[in-house]
Participant: 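Quick one: the structure is below, and I'll ask about it shortly.
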Amino acid sequence: MRSDGCGTLRTDDAGRRVALCGWVARRREHGEHLAFVDLRDRSGIVQCVVDGASDLRSEYVVRVVGTVRVRPEGTDNPDLATGEVEVGDCTVEVLNRAEPPPFPVTDRVDADETLRLRHRYVDLRRGRMQRNLEVRAAVNAALRAAMERHGFLEVETPLLWVPTPEGAREFVIPSRLQQGCFYVLPQSPQLAKQLLMVGGLDRYYQIARCLRDEDLRADRQFEFTQLDLEASFVGQDDVLDVVSEAVLDATEAVVGERPKAMPRLAWGDAMERFGSDKPDLRAGPELVELDRVFAGSGFRAFAGAACIKGLRVPGQGDLGRNRLDALVEAAKGLGAKGLVWLRVGEEGALESPVAKFLSDEERAGVLAATAGRPGDLVLVVADERDVAQTVLGQLRLDLGRPPVSEGPYRFCWVVDFPLFEGLEADGRPIPAHHAFTMPHPDDLELLASDPLAVRSQSYDLVLNGWELGSGSIRIHRADVQARIFATLGISEEEAKARFGFLLGAFRYGAPPHGGFAVGLDRLVAILAGEDNIREVIAFPKTQSGVDPLTGAPAPVAPRLLADLGIRVLPPEG
RNA sequence: GGUCCCGUGGUGCAGUUUGGAGUGCACGCCGCCCUGUCAAGGCGGAGGUCGCGAGUUCAAAUCUCGUCGGGACCGCCA
């Protein structure tokens, strides 16, 4: 039916008779006997010169047979990849007519989100969406290639899984054959892949769909895709190395160059330096420690504070009082007792409502510690350590963070997470990752005495402030697992009830193993220059979880519910 | 569950602060003209429940309340 893609034609093709199929992107009529028709397919756009186009309209589907020729002198179009050629002597066959599209099929204007999704099949014709899905496919292919190269075996795992009490809210699937019982859709293949390790598959990977019934965000959809992997007889560095290579391969495949650095940050250092466990390395200066500078300060807000941290905001010394007051309010909203701001003036003079409470040494110390220069703004928070960190970390992003989709690509690993993230009201620790995460070998002795100080062998991959994925080395030995359960206050019976089938499997020879999962939608979005993952998903849902194209979710026939033994309650109120 | 922004011919916007006739801009659509354009150009035309519902008012796109839809965020996402 066709010989070439519209966007592939070049001067080399001049003289060739070609058959092209595509959509009418635009037509420019110059009277009865000359018209230019821009023909579009996935490969791009090419100009066809036809003898009258009055029977053609936008988005008509046509087949054009014509001869490629170099454009006449002075009429080439440098904005078009095919701009040096055109297709002449055309015969045009209309394969299908089309109503005018509900919104323009162009990257120039952004249409209403509902309209785009209701007519996604039109939206997908736009160059932006086609490029994004091509990026997605390229990332997919690069990741697969890397995993295959390292001997990982692709294995599929069930979508109909068993409810588990931990973690995200699950999508529930009623069973027809076992009325009153339910499957759930997996929030990740976590337990399945650990069973594969017990099963001796050694190295597993899967481009896996994961489902979580939680509220949607710019970086979260109900269903999302992960490069999921797990390997036996590995340590943390082995996992980090193979994931780094795969992700850098994918990045190189899309942007053409390979980010050189993939630094590893200890979680504690990330919190100290960036006030975040998913630091955006692009967002300006790091937080600095000011405890020493203000040790013994006469300023009441600083004296006796558990921690004093500062942040330099380059060039923002000219922020007005309204903005500065708003910053103080924002800091309080984030949990800080207060926020001190200082403008750095000429000669390093500090202008601030609290400047008069500070000694000369303190003022000089702040400038030296933050490297503040004239025109800068310096923010200081004195509070509990975690509060000072996270508040300044958030302000750092608010004041200095480029859009996530804006390069460069600054990957980093965050390692040495705490095993527990806090204490329940009754004093039991709360696992930060999941109950099967291996503690750091050096910290095993602290489990009973100081559980919150125990580090884990879990790790996150971060790109430009987005968490791209996480993983851990898992516990494979019953005695360590028992100690963790004891620390968590989980009895033997309870453990059996909640995780029975996994613990059962571990009795029959579980190898040491660990793994990772890379969030594909987020990676692709950033590499495609998008700040919303809907733009890299062919058929996403709106923020309220609706698909305007299909109308999902929708009621089902009463007969179907009857088969399932389900009765729907009337709406409340 | 909560906070904020948006909703105006097919599309994207302005108009809303300070109420006074559905006013405007660009694109698209329809018709005519036009032989080198490329976001073609010229002339003419059609197209509106100002998301929906109450309220205030002599008068509401504009003010108030509610509601629906979209988006960003908090909670939530081990």
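Lettering follows sequence order; numbering is per chain, from 1.
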Participant: Under 4.0 angstrom, heavy atoms only, what part of the nucleic acid is A/Leu115 near: base, sugar-phosphate, or nothing?
Facilitator: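 Counting heavy atoms under 4.0 Å across all strands, the contact made by A/Leu115 is with sugar-phosphate only.
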Participant: Students often get this wrong, so: under 4.0 angstrom with heavy atoms, is A/Arg474 touching a base, only sugar-phosphate, or nothing?
Facilitator: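 Answer is nothing: A/Arg474 stays at 4.0 Å or more from every strand.
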Participant: Base, sugar-phosphate or nothing for A/Arg116? Non-hydrogen atoms, less than 4.0 Å.
Facilitator: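 Touches nothing.
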Participant: How far, in whole Å, is B/rC65 from B/rC4 if one measures between their P atoms?
Facilitator: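 The same atom, P, in both gives a distance of 11 Å.
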Participant: Give, ordered by number, those residues of residues 183-190 of chain A having at least one heavy-atom distance below 4.0 Å to an atom of RNA chain B; if nothing qualifies, reply none.
Facilitator: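 Result for residues 183-190 of chain A: A/Gln190, sorted by number.
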Participant: Between B/rA54 and B/rC68, how far apart are the two C1' atoms, rounded to whole Å?
Facilitator: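 These two C1' atoms come out 15 Å apart once rounded.
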Participant: Determine whether the aromatic ring of A/Phe36 stacks with the base of B/rU37, defined as ring centroids separated by less than 5.5 Å and ring planes inclined by less than 30°.
Facilitator: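 Yes, the aromatic ring of A/Phe36 stacks with the base.
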Participant: For a salt bridge (charged side-chain N to carboxylate O under 4.0 Å, His left out) check, start with the C-alpha distance between A/Arg120 and A/Asp123, then their side-chain angles and the critical distance, and finish with the verdict.
Facilitator: CA-CA 5 Å; A/Arg120 191 60 155 180; A/Asp123 195 39; 2.7 Å; yes
Participant: Are the ring of A/His30 and the six-membered base ring of B/rA40 within the stacking cut-offs of under 5.5 Å and under 30°?
Facilitator: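 Stack criterion met.
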Participant: Using a cut-off of less than 4.0 Å, is there contact between a side-chain N or O of A/Arg534 and OP1 or OP2 of B/rG71?
Facilitator: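 For B/rG71, OP1/OP2 do have a side-chain N/O of A/Arg534 under 4.0 Å.
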Participant: How are the rings of A/Phe506 and A/His513 set to each other: parallel, tilted or perpendicular (split at 30° and 60°)?
Facilitator: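 Perpendicular.
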Participant: Do A/Glu86 and B/rG36 have a side chain to base donor-acceptor pair shorter than 3.5 Å?
Facilitator: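 Counting by modelled atom types and ignoring angles, a donor-acceptor contact under 3.5 Å is found here.
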Participant: Quick one: does A/Arg217 reach the base of B/rG75 with a side-chain donor-acceptor pair under 3.5 Å?
Facilitator: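 For A/Arg217, whose side chain was compared with the base of B/rG75, there is a donor-acceptor pair (under 3.5 Å).
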